[in-house]
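A quick note: this is a predicted structure, and the numbers were derived from the prediction, not measured. All ligand and atom numbering here is 1-based and tracks the order in the structure.
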Amino acid sequence: MLFHVRMDVAIPPGLDVTDRVAAEKARALELQRAGVWVHLWRIVGRYSNFSVFDVATNDELHDILSTLPLYPFMKIEVTPLATHPSDLAAQ
Ligand SMILES: O=C(O)CC1=CCC(=O)O1
């Protein structure tokens with residue numbers, strides 16, 4: 001199941017999150033290498049990203065997102081994706 005996910009990060013001013021950001025990157029790379037986090041794009045001009053996740057269940061996605069190191073500082077919006085009948089790949 002594919003999910004479009006928008007993550008907006010807001011770090012409280014003055015908080016040192018250097019280690020957390022490094023841990024977030026390590027986890028993101030791990031999930032990308034596992035084929036779970038299939039797209040990761042920066043939203044221009046924002047501390048935000050658009051991502052696509054490929055997971056088996058809603059619960060799996062929730063577990064992944066809620067254990068990200070930056071999760072306490074994120075606003076997350078999830079959109080489930082379905083196949084579009086005019087998608088070339090679906091012909
Ligand atoms: O910078 C972000 O958008 C938050 C984030 C997700 C994966 C990562 O390495 O940083």
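Less than 4.0 angstrom separates some heavy atom of Ala28 from each of these atoms of ligand 1: 7 (C), 9 (O). Close approach of ligand 1 to Tyr47 is summarised as follows: ligand atoms under 4.0 Å from at least one heavy atom of the residue are 1 (O), 2 (C). Close contacts between ligand 1 and Trp37 involve ligand atoms 6 (C), 7 (C) [criterion: under 4.0 Å to a heavy atom].
The option from Arg20, Arg27, Met7, Arg42 that lies nearest to atom 2 (C) of ligand 1, judged by heavy atoms, is Arg42.
Looking only at distances, no side-chain donor or acceptor of Glu24 sits under 3.5 Å from a matching main-chain atom of Arg20.
In the model, Asn49 has a side-chain atom that pairs as donor or acceptor with a side-chain atom of Ser51 under 3.5 Å.
For the atom pair CG (Asp16) and CD1 (Ile11), the distance works out to 10.0 Å, reported to the nearest 0.5 Å.
Leu81 and Leu40 sit in two unconnected hydrophobic clusters of ILVMFWY residues. Membership requires side-chain heavy atoms under 4.5 Å apart, directly or through other members.
Ranking protein heavy atoms by distance to atom 9 (O) of ligand 1, first place goes to Lys25 CA, 3.5 Å. The single protein non-hydrogen atom nearest to atom 6 (C) of ligand 1 is Glu24 OE2, 3.4 Å, given as residue, atom name and distance. The closest protein non-hydrogen atom to atom 4 (C) of ligand 1 is Asn49 ND2, 3.6 Å.
With sequence neighbours left out, the side chain to side chain donor-acceptor pair (under 3.5 Å) criterion links Glu30 to Arg27.
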Side chain to side chain contact (heavy atoms under 4.5 Å, CB included) assessment of Leu61 paired with Leu65: CA-CA 6 Å; Leu61 182 62; Leu65 296 177; 3.8 Å; yes
